[in-house]
Amino acid sequence: MTLSPATQAILDRCADGDAPEAARQWESLAAEAVLRHGGPTDAEALLPLFLSAPAAHEALIPVLARHGDRPLAVRLLEATVEGGRLREDVPSGVLHAVGRLGYTPATPLLWEHVDSSYDVSKDACLGLLHLPCEELRGPIAEALEKHEGSALFPEFLPVLAPKTEDPAWLERLVAWGEDAASVDCNGGLILGVSLYGDPARAAFTRLLWDTRWEACGTGTGSALWTYAGTRVLGLGLPELYADLQARLQASADRNGQWEALRSLITLARLRCADVWTGVRAAEVQPESCDALYSALFTSAVDDGDTLTEVADQVFGGDDHLSDEVFHLEAALRTAAAHEWALRAAASR
């Protein structure tokens, strides 16, 4: 299998010795193309470059995590771990990557990093999410119980609750988020709820629209994990839009309506950007952008309002928010056209 053009460009540009900061900015752009359209050969080719200067090539970690394999994970750890800890010059995303690649022997190492700084803890938890963790059922339960009911805690520890195999943690996570957790620290609770699968669908949909959670807050970072949760549960945006319309008709709470509509717009923007969450369970193929465009911005007679019409009703004269809807429609049209171009290229 040949290298993708973006991978070859990364290798060529690094060989030319571009200025470090300019190269880093450009490399993140090219790496995103490899992430979306690359494969195992690209991961193999880019691993030596990453290991040559891990901090300078941090943008390559998602490529390694998505397109690598377990032998690659072994080499990655051998080169980045000393004395049972990640080297200080190595980005913590390596912990997420080796877990996502299914390298079970890394389990103790990742658990050792859970009680660390924010980014390190997050990546360790997201890595463990992809591993069986049988030997950690007890320690995970103890750690959850230690922090349960706190406003601030290792934010992504709750994604490991399903590893305890105790179904009672579903309701406990919900109560924790509703009654105690800071909205600056609830991304792991939101994703953790979704990871309980079908039994969590009703609870997840409630928290999505519940203003106490601010589940689609962009400033707090929760929106990305709420979006990941919708993908884990297979909650398509057309389905959520229909649910939103029903809620708007049933409620006279203007603030609640405003927040709910902002949430839907945020989720639609994330889908349009096709952001990578790093959560394997969230990689279920979503609705196409043309299908989403049809659901949100076109409607048959007596088949409900378009998002533009709903926004006018809820936002009123707020030009900034109406502009968001306008830009979302334009972005969805562009994304839909891009999808059609990819399909045409693939069919040749």
Side-chain angles (χ1 to χ4, degrees), residues 4-7 9-10 25-40 42-43 46 58-68 93 96-97 100 122-123 126 129-130 187 190-191 194-195 204 208 215-218 221-241 244 262-298 307 324-347:
S4 74
T7 294
I10 291 172
Q25 294 177 5
W26 177 87
E27 186 172 288
S28 66
L29 176 67
E32 185 171 338
V34 184
L35 178 66
R36 294 170 186 268
H37 306 297
D42 299 291
L46 292 171
E58 185 174 2
L60 301 181
I61 294 177
V63 174
L64 303 179
R66 185 171 201 171
H67 300 305
H96 183 178
R100 183 187 157 89
K122 178 188 75 172
D123 286 319
L126 292 175
L129 171 60
H130 296 87
I190 293 169
L191 181 58
S194 74
L195 292 168
F204 185 88
L208 171 61
C216 290
T218 52
S222 297
L224 175 64
W225 307 109
T226 300
Y227 174 69
T230 64
R231 298 280 293 271
V232 169
L233 291 169
L235 289 170
L237 282 164
E239 176 184 352
L240 290 175
Y241 183 48
L244 170 66
R262 282 297 304 271
S263 294
L264 190 283
I265 292 169
T266 298
L267 292 175
R269 287 169 58 191
L270 289 169
R271 167 62 191 99
C272 184
D274 194 21
V275 295
W276 190 68
T277 67
V279 178
R280 193 179 295 278
E283 292 179 2
V284 178
Q285 184 64 34
E287 65 282 324
S288 64
C289 284
D290 62 303
L292 182 56
Y293 178 84
S294 295
L296 298 183
F297 292 106
T298 66
L307 183 60
E324 283 195 33
V325 177
F326 173 80
H327 292 308
L328 172 62
E329 180 177 6
L332 268 176
R333 288 177 65 93
T334 300
H338 179 64
E339 285 183 351
W340 279 112
L342 287 176
R343 290 174 203 156
S347 66

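One is the number of the first residue; the rest follow in order along the sequence. Hydrogens, waters and symmetry mates play no part in the numbers below; they use all other heavy atoms, side chains included.
Arg36 pairs by the salt bridge (charged side-chain N to carboxylate O under 4.0 Å, His left out) definition with Glu32, Asp274, not counting sequence neighbours. For Thr266, there are no side-chain hydrogen bond (donor to acceptor under 3.5 Å, both in side chains) partners two or more places apart in sequence or in a different chain. Residues meeting the salt bridge (charged side-chain N to carboxylate O under 4.0 Å, His left out) test with Arg269, sequence neighbours left out: Glu324. Remark: Glu239 engages Arg201 in a salt bridge (charged side-chain N to carboxylate O under 4.0 Å, His left out) (not counting sequence neighbours). By the ring-ring contact (aromatic ring centres under 6.0 Å, His included) test, Tyr293 is found to be paired with Phe297, residues two or more places apart in sequence or in another chain being considered.
Listed for the Tyr241 side chain is a donor-acceptor partner under 3.5 Å among the backbone atoms of Leu307.
A heavy-atom distance below 4.5 Å is not found between the side chains of His67 and Ser4. Side-chain contact check for Thr7 versus Val63: every heavy-atom pair is 4.5 Å or farther apart. At least one side-chain heavy atom of Leu237 sits under 4.5 Å from a side-chain heavy atom of Arg271. Proximity of Leu208 to Cys216: side-chain heavy atoms (C-beta onward) are separated by under 4.5 Å at one or more points.
Here the closest heavy-atom approach between residue Leu296 and residue Ala268 is recorded as CD1-CB, 4.2 Å.
Counting only residues at least two apart or on different chains, the side-chain hydrogen bond (donor to acceptor under 3.5 Å, both in side chains) pairs with a member in residues 275-284 are Arg100-Glu283, Trp276-Glu283.
A salt bridge links Arg343 and Glu339; the closest N-O separation between the charged side-chain nitrogens and carboxylate oxygens is under 4.0 Å.
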